[in-house]
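Reviewing the structure listed below.
Values below: all heavy atoms of this structure, side chains included; hydrogens, waters and symmetry mates excluded.
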Amino acid sequence: IGGRPEFPQWLGNNSKRNKFDRLLQELQQHTRLVCSCNKTEFGLDYIPILHSRLTRPLIDQEAEGVSQVVQLLEEYDLTREDWDNILELSHYTGRADVMSLITTKVKSAFTRTYNK
């Protein structure tokens with residue numbers, strides 16, 4: 001039966017879409033005091049920039065970039081879980097996983113600094 005989506009595949013895609021929609025809503029609510037936009041605008045305008053600004057310092061500057069990332073999270077009222085959600089929302093099929101570019105030492109330093 002060509003042309004029709006298979007139900008299990010549709011169910012999985014719908015579940016993923018609903019999860020991403022919920023994550024975007026949470027992120028938009030957390031940043032409401034800093035960003036005046038709806039969740040669609042947040043996803044299109046803020047997620048790509050936040051993704052870059054929350055990962056580039058950890059990749060390029062390693063441990064020296066940790067304080068910069070934590071400060072940005074505080075400025076936007078984001079949590080550590082929000083950081084993970086931004087990375088998940090901005091990961092696309094066929095695109096390299098950014099977490100593989102961040103060393104374990106830097107990830108540990110980031111977690112320790114954030115938890116202080």
Side-chain angles (χ1 to χ4, degrees):
I1 306 175
R4 291 192 339 202
E6 299 293 323
F7 184 71
Q9 180 183 5
W10 177 88
L11 194 60
N13 289 337
N14 189 51
S15 175
K16 186 175 183 179
R17 185 187 61 79
N18 287 336
K19 176 185 177 186
F20 282 6
D21 190 57
R22 180 180 45 80
L23 292 177
L24 268 177
Q25 183 69 38
E26 287 178 16
L27 287 167
Q28 188 269 333
Q29 287 175 349
H30 290 172
T31 60
R32 188 175 304 222
L33 295 174
V34 181
C35 305
S36 59
C37 61
N38 62 34
K39 69 180 176 187
T40 304
E41 293 167 341
F42 188 84
L44 293 172
D45 298 334
Y46 283 87
I47 292 290
I49 294 167
L50 284 172
H51 176 266
S52 177
R53 291 193 58 204
L54 291 172
T55 56
R56 265 298 128 203
L58 300 177
I59 296 168
D60 297 339
Q61 302 169 15
E62 294 191 343
E64 291 80 28
V66 168
S67 61
Q68 183 180 350
V69 171
V70 171
Q71 181 182 358
L72 184 67
L73 288 173
E74 290 172 356
E75 287 174 10
Y76 281 87
D77 294 324
L78 295 170
T79 65
R80 174 67 163 87
E81 184 180 333
D82 292 335
W83 185 78
D84 291 330
N85 292 340
I86 289 169
L87 294 183
E88 184 175 358
L89 286 168
S90 56
H91 181 74
Y92 301 103
T93 305
R95 186 175 176 190
D97 183 21
V98 173
M99 290 302 286
S100 65
L101 302 173
I102 302 172
T103 64
T104 305
K105 182 178 95 173
V106 174
K107 290 177 194 173
S108 299
F110 170 67
T111 302
R112 278 193 307 275
T113 304
Y114 179 81
N115 289 334
K116 283 185 182 178

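Within the structure, the ring-ring contact (aromatic ring centres under 6.0 Å, His included) test picks out no pair touching residues 13-39 (sequence neighbours left out). The salt bridge (charged side-chain N to carboxylate O under 4.0 Å, His left out) analysis of residues 20-36, with sequence neighbours excluded, yields the pairs Asp21-Lys39, Arg22-Glu26. Among residue pairs with one or both ends in residues 60-77, those qualifying as salt bridge (charged side-chain N to carboxylate O under 4.0 Å, His left out) are Arg56-Asp60; sequence neighbours excluded.
Summarising the geometry of Gln28 relative to Cys37, their closest heavy-atom pair is NE2-O, 2.7 Å, with the distance given to 0.1 Å. Of all the heavy atoms in Ser52 and Pro57, the pair that sits closest is O-CD, 3.9 Å. Here the shortest heavy-atom pairing between Gly65 and Gln61 reads CA-OE1, 3.5 Å.
The distance from the CG atom of Leu23 to the CG atom of Leu89 is 5.0 Å, given to the nearest 0.5 Å. For the atom pair CE of Met99 and CD of Glu88, the computed distance is 12.0 Å after rounding to the nearest 0.5 Å. The distance from atom NE2 of His51 to atom CH2 of Trp83, rounded to the nearest 0.5 Å, is 9.0 Å. Expressed to the nearest 0.5 Å, how far OG of Ser100 lies from CD1 of Ile59 amounts to 8.0 Å.
Under the 4.5 Å side-chain criterion, counting only non-hydrogen atoms from C-beta, Leu54 is in contact with Leu72. Inter-residue side-chain proximity for Thr31 and Asp82 is flagged as unmet; no heavy-atom pair is nearer than 4.5 Å.
Residues passing the side-chain contact (heavy atoms from CB on, under 4.5 Å) test with Asn18, sequence neighbours excluded: Asn14.
None of Val106, Leu101, Val98 except one satisfies the side chain to side chain contact (heavy atoms under 4.5 Å, CB included) rule with Leu58; the exception is Val106.
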Which donor-acceptor pairs under 3.5 Å do the side chains of residues 109-116 make with protein atoms, sequence neighbours left out?
| unit_1 | atom_1 | unit_2 | atom_2 | d |
| --- | --- | --- | --- | --- |
| Thr111 | OG1 | Arg80 | NH2 | 3.3 |
| Thr111 | OG1 | Lys107 | O | 3.0 |
| Thr113 | OG1 | Ala109 | O | 2.8 |
| Tyr114 | OH | Arg80 | N | 3.1 |
| Asn115 | ND2 | Thr111 | O | 3.1 |

Enumerate, atom names and distances included, each donor-acceptor pair closer than 3.5 Å involving a side-chain atom of residues 40-47, sequence neighbours excluded.
| unit_1 | atom_1 | unit_2 | atom_2 | d |
| --- | --- | --- | --- | --- |
| Glu41 | OE1 | Asn38 | N | 3.1 |

